[in-house]
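The structure appears right after this line, and notes come after that.
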Amino acid sequence: MSITALDGKRFAEMVIQGANHLAVNAKMVDALNVFPVPDGDTGTNMNLSMTSGAKEVKNNVQEHIGKVGTALSKGLLMGARGNSGVILSQLFRGFSKAVETKAKISGKDFANALEAGVETAYKAVMKPVEGTILTVAKDSAKMGLQAAQKSDDIIVIMDEILKEAKASLKRTPDLLPVLKEVGVVDSGGQGLVFVYEGFLAELKGEKLPESSDLLPSMSEMVSAEHHKSVQGHINTEDIVFGYCTEFMVRFEQDKTAKHPFNEVVFRNDLSKLGDSLLVIADEDVVKVHIHSEQPGEVLSYGQRYGNLINMKIENMRQQHSNIVGETQTALVSDRPKASKELQEYGIVTVSMGSGIAELFKSIGAHAVIEGGQTMNPSTEDIVKAVKEVHAKRIFILPNNKNIIMAAEQAKDVSDEDIYVIPSKTVPQGLSALLAFNPSADVDTNEAAMKEALQNVKTGQITFAVRDTSIDGLEIEKDDFMGISEGKIVVKNKDKGKVAEDLLTKMLDEDSEILTIIYGEDVTEDEVTQLAQFVKETFADVEVEIHNGGQPLYSFIFSIE
């Protein structure tokens with residue numbers, strides 16, 4: 001059997017099997033992850049990225065390979081997560097660009113397209129590091145070019161590409177000392193090998209195992225017993241930039257008129273705020289991945305050019321601590337303690353749930369007070385937090401209508417220069433904090449943050465503790481209630497049904513971004529089902545998901 005011409009339908013099947021094979025082995029790739037930080041999520045991120053690309057391909061299967069490639073590139077761009085996920089998206093972005101005008105491609109075209117993908121990926125990375133997925137992609141693409149000089153059979157070429165990818169993967173510890181130190185190969189490179197294995201299997205008409213237990217080569221890839229022993233070779237305190245920050249900017253004409261977008265300038269400016277920087281831009285959006293210590297500054301910079309969408313900020317120190325079993329970080333900010341010198345601004349916010357607390361800290365809060373609906377912090381609690389921030393001017397975000405008065409009292413009794421932003425919900429608080437600009441004066445910031453409170457709609461799902469009648473609804477004990485802007489609008493015994501009904505009432509043609517913050521009583525399956533409902537029912541709405549870990553509220557919805 002030989003294949004000398006590859007069309008869109010066959011390529012789509014290659015992508016789907018490559019994505020499936022990666023998904024089966026995602027946990028194994030996670031276990032290998034020690035570079036650039038040992039946060040154990042490379043397989044998860046690559047899987048989510050490739051799955052997004054494959055989903056777009058499934059919706060656009062056709063004979064024309066260029067159009068299928070364009071669909072793959074779009075899906076990967078929108079779904080790309082993490083260093084390796086973003087690089088993976090760039091490998092196939094370059095590939096897709098190289099074939100976009102072609103209905104079918106030859107073996108030589110295939111090899112050239114993979115080489116084009118490597119060039120695109122290297123350009124996207126601010127400081128390329130050898131011994132990573134980039135090296136595996138580069139070495140295997142080069143072998144593909146050599147194979148294409150001898151044969152136009154795409155099966156033969158892909159076979160040679162995969163052989164060299166595996167060989168290059170085995171060489172990664174010789175190029176990256178941390179890999180040799182802990183006895184593993186590069187996790188991103190391993191993920192790419194799984195994708196290529198899926199490609200070759202599909203070309204040969206084979207199906208790969210649906211369980212990683214059936215793959216004997218696994219034991220050769222890692223000498224550690226499990227992921228804790230691999231990531232445990234790195235100390236949490238050695239992570240210099242602690243927040244993995246990813247977001248997209250959807251360009252706005254009025255903003256780009258003031259600040260014309262230049263990818264080189266954009267990349268250089270962001271490079272001063274962290275490392276592991278990846279920037280990808282097209283005519284509509286720019287996607288950013290960066291490891292930073294002050295993600296709020298990164299987001300503020302991005303807002304100069306348009307609206308922020310698809311934001312994801314993760315505390316990598318906490319991720320690593322959780323993996324190796326270290327003590328969890330404290331609720332109040334885990335950044336180094338402030339020096340005696342006053343900083344210009346401080347942000348104090350109130351939060352319920354460790355996940356929401358981390359979300360606030362990740363976008364710029366300096367102190368987070370634990371509190372909420374049933375545990376309102378006192379005036380004294382707020383004054384104490386204000387003093388700990390050690391800043392010239394302090395903004396307080398109460399995030400609950402019952403806490404605003406205590407915040408105002410803290411302002412009255414304190415000698416500090418305090419500004420209360422009367423946020424009544426967590427989404428309002430997050431919106432206000434994202435509007436904060438550390439470079440602006442205090443009056444401009446106060447006005448912008450208060451205005452931001454009006455730009456977001458809040459929905460909440462909670463449960464009834466007794467029978468009651470309110471807002472025209474007869475509610476029984478243990479019913480789940482859907483609350484829109486403070487008013488109960490739906491109720492049901494089924495939590496998921498209430499969530500779907502509430503979102504159906506709240507989302508409309510003007511809705512662009514839905515942020516779902518799920519609580520301690522919600523399972524991952526329930527979150528996945530709800531996200532799928534939104535994607536199927538409101539296709540134009542961008543969905544962001546965060547584990548808030550909050551009590552009382554199963555879901556908190558922020559709609560912009």
Side-chain angles (χ1 to χ4, degrees), residues 33 35-42 44-46 48-49 77-90 124-127 188 236 239-250 263 266-281 285-321 329 333-336 347 349 355-366 368 430-431 433-439 513 515 517 542-548 558:
N33 178 207
F35 181 86
V37 289
D39 49 359
D41 62 359
T42 293
T44 301
N45 288 338
M46 291 187 75
L48 290 170
S49 305
L77 173 64
M78 298 305 293
R81 288 174 50 130
N83 257 331
S84 295
V86 175
I87 291 171
L88 186 68
S89 77
Q90 289 308 282
V125 181
M126 190 71 183
K127 296 176 182 177
T236 301
I239 299 175
V240 178
F241 296 103
Y243 296 91
C244 178
T245 306
E246 294 184 37
F247 62 96
M248 299 178 75
V249 179
R250 181 178 285 140
E263 188 170 343
F266 186 88
R267 183 182 284 111
N268 287 340
D269 286 348
L270 285 181
S271 70
K272 300 169 187 173
L273 301 176
D275 64 8
S276 296
L277 173 64
L278 291 158
V279 174
I280 310 157
V285 299
V286 57
K287 186 178 183 72
V288 176
H289 169 282
I290 186 172
H291 294 169
S292 175
E293 193 63 15
Q294 299 288 345
E297 292 184 24
V298 176
L299 296 175
S300 294
Y301 178 81
Q303 281 184 299
R304 295 173 60 184
Y305 299 93
N307 280 326
L308 300 180
I309 60 174
N310 290 6
M311 290 175 288
K312 179 180 75 70
I313 302 171
E314 294 177 339
N315 185 327
M316 296 183 296
R317 295 189 185 96
Q318 186 178 54
Q319 285 178 322
H320 182 242
S321 295
T329 53
S333 176
D334 57 1
R335 296 179 186 137
I347 306 288
T349 186
I356 296 177
E358 286 300 330
L359 186 56
F360 272 113
K361 287 187 288 182
S362 72
I363 59 175
H366 298 91
V368 180
L430 292 170
S431 181
L433 187 48
L434 286 170
F436 172 73
N437 181 355
S439 302
I513 304 170
T515 302
I517 303 173
E542 301 284 350
V543 180
E544 300 171 13
I545 299 173
H546 298 280
N547 181 356
S558 170

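Residue numbers run from 1 in the order of the sequence given.
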- Message: Between Arg250 and Glu542, is there a side-chain heavy-atom distance shorter than 4.5 Å?
- Response: yes

- Item | Close side-chain approach of Leu434 and Ile363, heavy atoms under 4.5 Å | yes

- Among Thr245, Val298, Leu270, Asn268, which one satisfies side chain to side chain contact (heavy atoms under 4.5 Å, CB included) with Leu277? Leu270

- Message: Between His366 (side chain only) and Ile347 (backbone N and O only), is there a donor and an acceptor less than 3.5 Å apart?
- Response: yes

Distance from [X] atom [atom1] to [Y] atom [atom2], nearest 0.5 Å?
X      : Y      : atom1 : atom2 : result
His289 : Ser84  : NE2   : OG    : 8.5 Å
Ile356 : Lys361 : CD1   : NZ    : 13.0 Å
Ile290 : Tyr301 : CD1   : OH    : 11.0 Å
Ile513 : Ile309 : CD1   : CD1   : 6.0 Å
Thr515 : Glu544 : OG1   : CD    : 4.0 Å
Gln303 : Leu308 : CD    : CG    : 4.5 Å

- Task: For Asn437, enumerate each residue passing the side chain to side chain donor-acceptor pair (under 3.5 Å) test, keeping only those at least two apart in sequence or located in another chain.
- Result: none

[X] to [Y] - nearest heavy-atom pair and separation:
X      : Y      : result
Thr349 : Ala365 : CG2-CB, 3.8 Å
Gly85  : Ser49  : CA-OG, 3.4 Å
Glu297 : Pro438 : CG-CG, 4.5 Å

- Pairing residues for Phe247 by the ring-ring contact (aromatic ring centres under 6.0 Å, His included) criterion, not counting sequence neighbours: none

- Query: Which of parallel (below 30°), tilted (30 to 60°) and perpendicular (above 60°) describes Phe266 and Tyr305?
  - Reply: perpendicular

- Given the rule in the side-chain contact (heavy atoms from CB on, under 4.5 Å) test, do Glu263 and Val279 qualify, once you have shown the distances and angles that lead to the verdict? CA-CA 8 Å; Glu263 188 170 343; Val279 174; 4.2 Å; yes

- Decide side-chain contact (heavy atoms from CB on, under 4.5 Å) for Val249 and Asn307; before the verdict, give the C-alpha distance in whole Å, the side-chain angles of both, and the deciding distance to 0.1 Å. CA-CA 5 Å; Val249 179; Asn307 280 326; over 6 Å; no

